[in-house]
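The structure appears below as structure tokens.
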Amino acid sequence: MKEVTKMSDDFDRWYTDVVRKAELADWSGVRGMMVVRPYGWAMWEAIMRAFDDMIKESGHENWAFPLLIPREFLVKEAEHVEGFAPEVAWVTKAGGSMEELEEPLAVRPTSETIIGPLIKRYIQSHRDLPKLTNQWNSVVRWEMRSRLFLRSREFWWQEGHTFHASAEEAMEEADLILGYYRSIAEDWLAVPVLTGMKSPAETFPGAVHTLTVEGLMKDGLALQMGTSHYFGQNFARAYDISFSNKENERELCYSTSWGISTRLVGALVMAHGDDSGLIVPPKVAPIQVVLVPIFRDADSRAKVERFINSWAPELKAGGIRHRVDWRDERPGDKYAHWELKGVPIRLNVGGRDADAGQVEMVDRLSRERIIVPVSGIAKRLRNELDAFQTKLFDRAAKFQRDNTSELDTLDEVVAHFREKGGFVWTQWCGEEDEEERIKADAGGVTIRTIDQNAKASGRCLVCGRPAKFRVALAKAY
RNA sequence: CGGGGAGUAGCGCAGCCCGGUAGCGCACUUGACUGGGGGUCAAGUGGUCGCGGGUUCAAAUCCCGCCUCCCCGACCA
């Protein structure tokens with residue numbers, strides 16, 4: 001019926017099949033612009049709720065800033081503009097007769113350049129700081145090659161922008177958010193990540209440094225799952241965002257920005273899915289438990305329905321997101337359907353079960369059938385869901401371990417990536433030429449992150465000079 | 001952006017070369033049988049043939065322009 005290409009046959013096709021057939025998202029007819037369908041959006045909503053709670057807890061506030069950015073604002077921070085220029089979309093005409101605008105307006109590719117000049121009004125004194133803002137919105141980047149969730153011309157995200165009175169505080173902010181992102185990836189999406197700093201070449205345009213969260217997908221490619229940038233005073237200088245400090249001296253703010261996007265839905269698909277479809281971590285699953293009633297006629301249906309109604313309210317009371325699939329389909333169809341959608345736990349409930357006061361429980365990972373009594377079922381399911389979340393993370397962590405190696409020379413790295421993907425830890429001197437050499441020789445392999453915890457030891461894999469950094473290499477999306 | 005291919009029902013396709021009443025499979029609707037791992041039979045619904053223009057008595061079919069999608073490459077991550 002709804003056949004999905006096997007992952008081992010063609011990973012890219014498998015991904016597209018799963019995203020579309022599990023009803024996460026679709027293309028829209030406007031090139032590169034996607035429709036996020038309710039099942040996919042619900043996962044994003046779960047991520048939004050989780051992250052929004054985290055930042056509210058630490059004093060951040062949600063704002064809404066304009067979609068369109070005057071050109072004069074956009075071009076003020078030189079490095080930033082240069083970085084984004086190739087992918088900015090412009091509004092140049094408006095009105096019924098398509099009149100040319102005097103000043104073209106950029107559709108935001110990110111909002112640093114509009115928030116800077118606007119927020120300065122609200123920052124005069126050190127007493128106004130820190131200013132911790134965030135906005136949930138969509139941005140447009142005119143990409144040439146698009147993939148559902150991973151690279152579309154419009155995507156939905158949060159962008160946090162914060163302003164501080166000291167460099168230390170701003171850097172701490174960037175670190176704090178990186179920790180939140182790690183938690184979203186690992187605790188919510190069950191995707192283990194490497195965290196650390198980007199190399200200068202991979203640093204966000206205009207930033208002093210960029211911190212990143214990198215996950216590993218089942219095809220061995222790395223995926224950037226969130227970034228947190230420390231700007232120093234770069235943006236404050238460009239937009240004159242300043243405050244009077246305690247000594248009544250004028251001083252430029254230190255700022256940060258950080259974002260995670262709907263790309264994370266793609267990450268969850270590629271980190272956990274299998275040939276039968278999605279496997280959704282319970283904490284972000286729109287449906288955590290699906291009940292498949294089994295019946296043949298009105299009488300047997302009524303019997304099963306009475307049975308389900310006698311205990312299903314406990315699930316609701318227990319905060320378990322569940323659904324009963326009363327569609328008039330064959331049970332086998334429904335099993336396949338909900339497996340494609342990646343629902344963690346399924347309960348098969350028929351007349352025999354009603355008589356025995358039990359259900360048949362099947363989890364999406366093991367697919368083993370276990371008979372479970374309905375008394376105390378909400379608590380049992382809560383435990384099963386928690387265990388499922390842990391098992392999913394452990395499985396992904398094992399995959400990451402099994403696909404992470406430590407190599408010393410460029411030759412070894414090139415040979416490695418000819419055969420397989422994954423992360424490779426190695427030593428690097430810190431020079432951009434050497435970084436480019438890796439990319440050229442190893443077929444697009446890049447430095448995903450610099451280890452912030454371990455000191456470098458040994459020699460640079462390319463030039464053999466003493467290494468300054470321990471870095472993780474991978475091919476990436 | 002370069003090379004190649006394609007747009008006909010929700011999806012997958014035939015019809016186009018050689019102009020003349022728009023078809024097939026799946027899905028969908030209805031009914032019957034069925035029902036603990038992807039059912040069977042029957043009867044139905046559903047179309048600006050991607051968009052715009054041209055040629056013609058007549059265009060899904062021929063000609064011109066545009067749009068969108070897929071594959072390979074380039075670029076980007």
Side-chain angles (χ1 to χ4, degrees), chain A residues 1-5 10 12-13 16-17 20-21 23 26-35 37 82-88 109 141-153 155 198-199 201-205 210 212 214 217 221-227 261 263 266-267 275-277 290-301 303-304 307 325-341 346-356 358-362 364 367-371 435-436 439-440 443-449 474-477:
Chain A
M1 189 188 286
K2 280 188 175 173
E3 288 301 325
V4 171
T5 305
D10 185 337
D12 294 352
R13 197 172 289 267
T16 306
D17 276 2
R20 300 177 77 151
K21 289 178 177 167
E23 303 180 327
D26 228 328
W27 289 119
S28 67
V30 180
R31 184 200 265 283
M33 298 273 177
M34 64 186 287
V35 180
R37 302 182 63 184
E82 198 187 327
F84 277 100
E87 47 192 29
V88 173
R141 295 181 186 177
W142 216 247
E143 305 286 354
M144 292 309 287
R145 207 188 60 192
S146 29
R147 283 194 87 190
L148 289 165
F149 287 116
L150 302 181
R151 180 173 280 103
S152 50
R153 284 185 167 174
F155 58 87
K198 284 290 190 187
S199 68
E202 301 270 335
T203 296
F204 185 81
T210 289
T212 184
E214 302 276 330
M217 305 296 104
L221 298 199
L223 182 72
Q224 184 172 298
M225 293 175 65
T227 46
S261 74
R263 171 179 258 205
D275 283 342
S276 299
V290 66
L291 281 62
V292 176
I294 294 154
F295 54 88
R296 41 189 96 215
D297 51 31
D299 285 350
S300 58
R301 180 187 154 125
K303 177 180 177 180
V304 172
F307 176 58
D325 186 357
W326 285 113
R327 291 176 307 151
D328 189 15
E329 302 286 345
R330 321 264 303 183
D333 269 315
K334 297 183 184 179
Y335 299 166
H337 176 79
W338 295 111
E339 281 172 7
L340 172 61
K341 291 213 158 200
R346 186 179 75 237
L347 303 178
N348 304 333
V349 192
R352 295 204 292 266
D353 302 306
D355 292 336
Q358 65 184 35
V359 296
E360 191 176 75
M361 180 174 76
V362 186
R364 180 64 178 77
R367 298 197 207 197
E368 283 165 18
R369 293 157 178 247
I370 299 172
I371 300 298
E435 184 177 9
E436 288 204 6
K439 194 172 177 180
V445 168
T446 50
I447 295 174
R448 301 316 302 160
T449 186
K475 286 188 185 171
Y477 276 94

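For the numbers below, each heavy atom of this structure counts, side chains included, while hydrogens, waters and symmetry mates do not. Sequence lines set the chain letters: A, B, ... in the order given, protein chains first and strands last, and positions in each chain run from 1. A quick note: this is a predicted structure, and the numbers were derived from the prediction, not measured.
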**Report entry** Check against salt bridge (charged side-chain N to carboxylate O under 4.0 Å, His left out), A:R37 and A:E23
**Finding:** CA-CA 6 Å; A:R37 302 182 63 184; A:E23 303 180 327; 3.7 Å; yes

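Atom CD in A:E329 sits about 16 Å away from atom C1' in B:rG36, given to the nearest Å. Taking atom CZ on A:R296 and atom P on B:rA32, their separation rounds to 18 Å, with Å as the unit. With rounding to whole Å, A:K303 atom NZ is found 16 Å from B:rG35 atom P. The distance from atom CD of A:E23 to atom C1' of B:rC11 is 13 Å, rounded to the nearest whole Å. Rounded to whole Å, atom P of B:rG35 lies 7 Å from atom CZ of A:R330. The distance from atom CZ of A:R346 to atom C1' of B:rG38 is 12 Å, rounded to the nearest whole Å. One atom, CG of A:N348, and another, P of B:rG38, lie 13 Å apart when rounded to the nearest Å.
For B:rA14 and B:rG35, the C1' atoms lie 36 Å apart once the distance is rounded to whole Å. On the C1' atoms, B:rC69 is 10 Å away from B:rG50, given to the nearest whole Å. Comparing the same atom, P, in B:rG46 and in B:rU55 gives a spacing of 34 Å after rounding to whole Å. Nucleotides B:rC62 and B:rC17 are separated by 11 Å at their C1' atoms, to the nearest Å. Distance check on atom C1': B:rC28 versus B:rA9 gives 11 Å, rounded to whole Å. Taking atom P in both B:rC49 and B:rC11, one finds a spacing of 16 Å when rounded to whole Å. Comparing B:rU48 with B:rA43, their C1' atoms are spaced 29 Å from each other, to the whole Å. Spacing of C1' atoms, B:rC26 relative to B:rC71, comes out at 25 Å, to the nearest Å.
Looking at A:S276 and A:E339, their side chains never bring a donor and an acceptor atom within 3.5 Å of each other.
More than 12 heavy atoms of other residues, nucleotides or ligands sit less than 6.0 Å from atom CZ of A:R327.
Qualifying side-chain hydrogen bond (donor to acceptor under 3.5 Å, both in side chains) partners for A:R364, counting only residues two or more places apart in sequence or in other chains: A:D274. Shown here are the side chain to side chain contact (heavy atoms under 4.5 Å, CB included) partners of A:T210, two or more places apart in sequence or in another chain: A:K198, A:T203, A:F204, A:A207, A:T227, A:H229. Partners of A:Q358 according to the side-chain hydrogen bond (donor to acceptor under 3.5 Å, both in side chains) rule, which considers only residues two or more places apart in sequence or in another chain, are A:D353. Remark: A:S300 engages A:F295, A:R296, A:D297 in a side chain to side chain contact (heavy atoms under 4.5 Å, CB included) (not counting sequence neighbours). Not a single salt bridge (Lys or Arg N to Asp or Glu O under 4.0 Å) links A:K475 to another residue, sequence neighbours left out.
Under the side-chain contact (heavy atoms from CB on, under 4.5 Å) test applied with A:L150, the options A:R263, A:E143, A:Q224 reduce to a single match, A:R263.
The base of B:rG36 lies close enough to the side chain of A:D353 for a donor and an acceptor atom to sit less than 3.5 Å apart.
The base-pairing partner of B:rC75, taking Watson-Crick or G-U wobble contacts with both distances under 3.5 Å, does not exist among the strands shown. When both pairing distances are held under 3.5 Å, B:rU40 makes a Watson-Crick or G-U pair with B:rA32. The nucleotide B:rC57 finds its pairing partner in B:rG20, both defining distances of the Watson-Crick or G-U wobble pair being shorter than 3.5 Å. Nucleotide B:rG25 forms a Watson-Crick or G-U wobble pair with B:rC11, both donor-acceptor distances falling under 3.5 Å. Shown here, B:rG47 forms no base pair; nothing in the strands shown gives a Watson-Crick or G-U wobble contact with both key distances under 3.5 Å. Across the strands present, B:rU68 finds its partner in B:rA6; the criterion is a Watson-Crick or G-U wobble pair with both atom distances under 3.5 angstrom.
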Report summary line: Scoring nucleotides 66-77 of chain B by protein non-hydrogen atoms under 4.0 Å (B base, S sugar-phosphate only, - none) yields --SS-----B-B

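A:R301 comes within 4.0 angstrom of no nucleic acid atom, judged by non-hydrogen atoms across all strands. Residue contacts for A:D328: at a heavy-atom cut-off of 4.0 Å it reaches a base atom on one of the strands shown.
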